[in-house]
Structure formats: structure tokens, C-alpha cells
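Notes for the one structure printed next.
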Amino acid sequence: MTPEGQDLLLRGGDALGLDLTPHLPAFAELLRLLLEGSTRTNLTALKEEPDIILKHFVDSLTCLQGGYLHGVQRVIDLGTGAGFPALPLAIVQPDLQLVPVDSTRKKIEFVAATAAALGLNNVNPLVGRAEELGQDPQHRQRYDRVVVRAVAALPILAELALPLLRENGLLVAQKGPISAEELNAGRRASGEVGGKVQVVDPFTLPILGDARTLIVIEKLKPTPAKYPRRPGVPNHQPLFWNGNT
């Protein structure tokens, strides 16, 4: 990581109330491994150091806002891709037990190898789909938190995430700007699968100023057994939602 990159990372962390100085070596190695891995596998569309630092590293850490991920918790990261937000969270919050999930085996192999290289013993990657894990007794209602950086509509995220949560667990969803229509559909879908939207927090990504929204949904009661529906259905037939994802 260049000195300019280090400065960007520290400034981004500063804006989030985080001192990332002790973690600079780990993030520098994560950057190196990501760039190296991207020459062999399609891990990320971002190829430039400033973009990776701000749109992957700092953006991943924005879900620490509000304190929802503090303390010892079992956290599943749905659709982790190349390990975001799981790997930055594992670096900064070693108390978290993180299960990054993706349906693409090559990406999960990269996450596993990278976690091992960084000595992140709190990361246990898994190849899978949320629809199947949500019906698997080993995963259904087993997690304290679900995190997701997603472009999917909120009703889809609610159906995929809430079956995995224990009662009083939280879905912490990182999204861009959200319309009133999508939010309303997300509220209805959350109620259908046993939860309630508790927090809608618009903010801007440090330094870049891109619009973001942190949405927190609490699991209040058990999810009906029929949810999540079979693979592909939540995306193609979202609950209470006909808009674009």
C-alpha cells in the first residue's frame, strides 16, 4: 500500500471514529492479496488502490456505525464476494465470529486463503446460498447478526436474512439511497418473516461522499417455516415488491 493509500485509509477510518493505525499492515496485505488474486479470478471490478481502499475497505467498516456489531457475536455475511465486509470487520473486530458466504466457490476459496494468510482465526468461509442455509437446521436461527452489502431490494434481503437470525438478532444491511416505496415494501416483508425495520440511517461514504443507507431490521419472532422460499424465488418474486432491485 502506498503512503497515499495509507493516508486515505486512516482518514476514512477517522471519519468513522476508528483508529486504523494498528491495522495498517493487515490492510496493506489484504490489498496486495486482492490485487494478486484478481489477476487469476474475477474477484472485484475495482482495480485501483484508492477505489479498493474507499469502496471496499472503508465502505465495509461503515456497518460498525451504531455499535450493532460490538462484542462477541456470531455473524454471517451473505454474498460476501471477495470477502466484504467480512475481512475488514475481522481485522478490526476480532471478537466477531464471521461466516462469509457466497455461492461462487472460487471467491470463497480466496476468502479462506486470505483469512489464513492474515491469521484471521475468526473467519470461517462457506460456499452456499442463503435460501438453502435458511432452511438448514445448522444455520437457521443460529446467528446474532447478518451483514450484507447489497444492491438487492430490501424485501429480498429481509426474506433471505431473517431466517438465519436468532430472536432479537439484527440484520445490518448496507445499501445505497432507498426509495419510500422500497422501504415500505421492506417493512411489510420484514413483518411477514418475523422482523421489524428499526433503523434507517442515511449517510455519506467518507471522503467520496457517495450516498449510503444503513438499515437495521430486528428479528422479533420465529420466521414461518415456508421462508425463505426455494433458491431463486425471493429474487424473482420479492415479497410485496414489484420495483427494480
Side-chain angles (χ1 to χ4, degrees), residues 16 55 59-69 73 75-81 84-85 89 101-103 129-135 139-206 208-245:
L16 298 174
K55 296 181 181 180
D59 188 62
S60 290
L61 297 175
T62 63
C63 64
L64 294 174
Q65 297 177 104
Y68 308 110
L69 296 173
Q73 299 182 46
V75 183
I76 187 167
D77 171 14
L78 295 182
T80 192
F84 303 104
L89 290 177
V101 173
D102 203 274
S103 60
R129 293 184 62 111
E131 297 97 326
E132 293 168 342
L133 295 176
Q135 294 291 357
H139 295 279
R140 187 178 179 93
Q141 300 189 118
R142 298 287 183 176
Y143 294 90
D144 302 301
R145 301 288 186 267
V146 176
V147 293
V148 60
R149 293 172 79 212
V151 294
L154 193 59
I156 299 171
L157 300 181
E159 180 177 354
L160 296 179
L162 265 68
L164 295 161
L165 287 168
R166 296 188 175 99
E167 286 185 51
N168 304 121
L170 301 177
L171 163 62
V172 180
Q174 299 171 279
K175 288 180 61 66
I178 185 168
S179 69
E181 292 79 11
E182 182 184 341
L183 182 56
N184 182 57
R187 292 186 191 279
R188 294 178 67 191
S190 297
E192 175 72 13
V193 296
K196 183 179 180 180
V197 176
Q198 300 287 29
V199 176
V200 180
D201 180 17
F203 66 97
T204 56
L205 186 62
L208 289 177
D210 295 354
R212 294 283 191 273
T213 311
L214 193 70
I215 297 175
V216 180
I217 300 176
E218 184 178 4
K219 172 85 165 275
L220 299 177
K221 59 185 179 181
T223 299
K226 64 182 177 180
Y227 298 116
R229 292 167 290 171
R230 66 183 186 276
V233 176
N235 279 286
H236 291 109
Q237 300 173 28
L239 296 171
F240 308 110
W241 177 248
N242 295 315
N244 296 321
T245 60

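Atom set for the values below is all heavy atoms of this structure, side chains included, hydrogens, waters and symmetry mates excluded.
- Between I215 and K175 the shortest side-chain heavy-atom distance falls below 4.5 Å.
- Y227 and E192 share a donor-acceptor pair across their side chains, judged by distance under 3.5 Å alone.
- Note that CD1 of I178 and CG of L214 are 11.5 Å apart. Values are rounded to the nearest 0.5 Å.
- To the nearest 0.5 angstrom, E182 atom CD is 5.0 Å from W241 atom CH2.
- The distance from the OG atom of S190 to the NZ atom of K196 is 11.0 Å, given to the nearest 0.5 Å.
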If you look only at distance, which donor and acceptor atoms sit under 3.5 Å apart when one is on a side chain in residues 155-173 and the other is two or more places apart or in another chain?
from: E159; atom 1: OE1; to: R229; atom 2: NE; distance (Å): 3.4
from: E159; atom 1: OE1; to: R229; atom 2: NH2; distance (Å): 2.7
from: E159; atom 1: OE2; to: R229; atom 2: N; distance (Å): 2.9
from: E159; atom 1: OE2; to: R229; atom 2: NE; distance (Å): 2.9
from: R166; atom 1: NH1; to: R142; atom 2: O; distance (Å): 3.2
from: R166; atom 1: NH1; to: D144; atom 2: OD1; distance (Å): 3.0
from: R166; atom 1: NH2; to: R142; atom 2: O; distance (Å): 3.2
from: N168; atom 1: ND2; to: E218; atom 2: OE2; distance (Å): 3.4

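- For the side-chain hydrogen bond (donor to acceptor under 3.5 Å, both in side chains) with Y143, the lone residue among Q141, H139, R140, R145 that qualifies is H139.
- Within the 4.5 Å cutoff, side-chain heavy atoms of C63 are placed close to those of L69.
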- So L16 and L64, side chain to side chain contact (heavy atoms under 4.5 Å, CB included) or not? Walk me through it. CA-CA 8 Å; L16 298 174; L64 294 174; over 6 Å; no

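- Taken to the nearest 0.5 Å, the OG atom of S60 stands 6.5 Å off from the CG atom of L89.
- If you take NZ on K55 and CG on L205, they are separated by 8.5 Å, rounding to the nearest 0.5 Å.
- Expressed to the nearest 0.5 Å, how far CG of D77 lies from CG of D102 amounts to 9.0 Å.
- Taking the charged nitrogens against the carboxylate oxygens, R212 and D59 do have a contact shorter than 4.0 Å, which makes a salt bridge.
- Taking the side chain as every heavy atom from C-beta outward, V197 and V199 never approach each other to under 4.5 Å.
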- Task: Test V200 against T213 for side chain to side chain contact (heavy atoms under 4.5 Å, CB included), laying out the working first.
- Result: CA-CA 7 Å; V200 180; T213 311; 3.9 Å; yes

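- A 4.5 Å side-chain heavy-atom check between V146 and I217 finds every atom pair outside the cut-off.
- Across all non-hydrogen atoms, the minimal contact from G232 to E131 is N-OE2, 3.1 Å.
- Partners of Y68 under the side chain to side chain donor-acceptor pair (under 3.5 Å) rule, at least two apart in sequence or in another chain, do not exist in this structure.
- Between R230 and P234, the shortest heavy-atom contact is O-CD, 3.4 Å.
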- Give the C-alpha distance, both sets of side-chain angles, the deciding distance and a yes or no for side chain to side chain contact (heavy atoms under 4.5 Å, CB included) between T62 and Q65. CA-CA 6 Å; T62 63; Q65 297 177 104; 3.6 Å; yes

